Amino acid sequence: MADIIVVLGAALNDDGQPTPTVRRRVAHGVALWKDGRAPRLLMAGGPTRHATPESHVMRNLAVDAGVPADAVHVEERSTRTLENAAFSKEILDAEGWRKALLVTDPTHMPRALYTFRRLGMSVKGTASPGMLRDGGILYVMGVVVREVVAYPVYRRRVARYLAGRG
């Protein structure tokens, strides 16, 4: 069993409402919590397209789905994967939580796991299903291309971040 389930955010709609991606990721995190895979959730995501942090909307979705409010934590500053990892690590370290399940889309998972692990976290991935249903084949193909480009960029970005921390 993990100490916590970390659910990575995604941009909200312009009106602050959750996108299908946000809903899918939160639903998967909640299902893992209900299955007893960890006693708590950490919603990770700050304000991107909307002034409301993604994690606040995600917390509300989880509570509405039956997770007690005191079992849902938020990381509300991050705007990209590297920040998700760095700011989540601060919370996990402060609480003494060592093992995490990481929830994101299957296409994003390799880059997210790489980033979290390079920052020293013990994480296992569990991808949220339904990406094709929500976005369609052209959307998924576009995301795959984005991740193929982003992964090597992130390897350099993470290396610079770690070198800067000395």
Side-chain angles (χ1 to χ4, degrees), residues 1-117 119-136 139-140 143 146-147:
M1 182 164 84
D3 297 312
I4 194 159
I5 300 161
V6 179
V7 182
L8 298 187
L12 302 173
N13 288 322
D14 291 339
D15 63 359
Q17 293 300 305
T19 59
T21 300
V22 170
R23 289 184 185 281
R24 271 189 305 98
R25 290 180 185 181
V26 172
H28 188 58
V30 168
L32 294 167
W33 178 84
K34 287 181 177 180
D35 284 345
R37 301 282 303 274
R40 61 193 66 83
L41 293 154
L42 173 63
M43 303 302 180
T48 53
R49 278 192 210 153
H50 192 269
T52 302
E54 297 162 3
S55 58
H56 292 195
V57 173
M58 296 164 66
R59 175 191 55 213
N60 293 341
L61 289 171
V63 170
D64 289 348
V67 181
D70 63 351
V72 184
H73 304 267
V74 295
E75 178 285 297
E76 59 192 11
R77 300 181 294 159
S78 61
T79 60
R80 57 182 46 109
T81 305
L82 179 56
E83 292 175 350
N84 287 147
F87 300 151
S88 293
K89 182 176 180 2
E90 289 175 5
I91 293 168
L92 271 64
D93 287 350
E95 296 292 338
W97 300 327
R98 301 287 171 239
K99 294 180 181 178
L101 288 177
L102 186 63
V103 173
T104 190
D105 287 337
T107 54
H108 182 231
M109 188 63 74
R111 182 165 57 98
L113 283 173
Y114 171 81
T115 304
F116 274 70
R117 288 175 178 160
L119 269 61
M121 286 174 274
S122 175
V123 294
K124 290 186 179 179
T126 175
S128 61
M131 190 175 168
L132 183 60
R133 178 192 65 233
D134 289 346
Y139 167 75
V140 172
V143 172
R146 177 181 184 271
E147 288 300 323

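As the structure is a computational prediction, the values presented were derived from the model and not from experiment.
Between the OG atom of Ser55 and the CG atom of Leu41 there is a distance of 12.5 Å, given to the nearest 0.5 Å. The NZ atom of Lys89 sits 14.0 Å away from the CD atom of Glu75 when rounded to the nearest 0.5 Å. Note that the CZ atom of Arg59 and the CE atom of Met43 stand 9.5 Å from one another [nearest 0.5 Å]. Rounded to the nearest 0.5 Å, atoms OG1 (Thr115) and CZ (Arg117) are 11.0 Å apart. Here the NZ-CG distance, from Lys124 to Leu102, works out to 13.0 Å after rounding to the nearest 0.5 Å. Taken to the nearest 0.5 Å, the CD1 atom of Ile91 stands 8.5 Å off from the CD atom of Glu76.
Taking both residues in full, the closest heavy atoms of Pro106 and Pro110 are given as O-CD, 3.5 Å, listed atom of the first, atom of the second, then distance. Between Asn84 and Ser78 the shortest heavy-atom distance is ND2-OG, 2.6 Å. In terms of heavy atoms, Ala2 sits closest to Pro39 at O-CD, 3.5 Å. Nearest heavy-atom pair across Ala71 and Trp33 is CB-NE1, 4.2 Å. Shortest non-hydrogen contact noted between Arg25 and Val103 is O-CG1, 3.5 Å. Taking both residues in full, the closest heavy atoms of Leu113 and Gly125 are given as CD2-N, 3.7 Å, listed atom of the first, atom of the second, then distance.
Ion pairing between a basic and an acidic side chain is recognised when a charged N comes within 4.0 Å of a carboxylate O; Glu90 and Arg77 show such pairing.
At distances below 3.5 Å, not a single donor-acceptor pair connects side-chain atoms of Ser122 with backbone N or O atoms of Lys99. In this structure, the side chain of Asp3 engages the main chain of Arg98 through a donor-acceptor pair within 3.5 Å.
Within the 4.5 Å cutoff, no side-chain heavy atoms of Pro53 are placed close to those of Val74. Using a 4.5 Å heavy-atom cutoff, the side chains of Arg133 and Arg24 are in contact. Side-chain atoms of Val22 and Glu54, non-hydrogen and from C-beta on, never get closer than 4.5 Å to each other.
Each of Asp134, Asp105, Thr21 was evaluated against Ser128; a single residue qualifies, Asp105, per the side chain to side chain donor-acceptor pair (under 3.5 Å) test.
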Can you give me every donor-acceptor pair (side chain of residues 5-18, partner residue at least two apart or in another chain, under 3.5 Å) with its distance?
from, atom 1, to, atom 2, distance (Å)
Asp15, OD1, Gln17, N, 3.0

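In this view, Val140 and Met131, Leu132, Val144 satisfy the side chain to side chain contact (heavy atoms under 4.5 Å, CB included) rule, not counting sequence neighbours. For the side chain to side chain contact (heavy atoms under 4.5 Å, CB included) test, residues two or more places apart in sequence or in another chain that qualify with Arg146 are Arg111.
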Check the pair Thr81, Thr104 against side-chain contact (heavy atoms from CB on, under 4.5 Å), reporting the backbone distance first and the verdict last. CA-CA 10 Å; Thr81 305; Thr104 190; over 6 Å; no

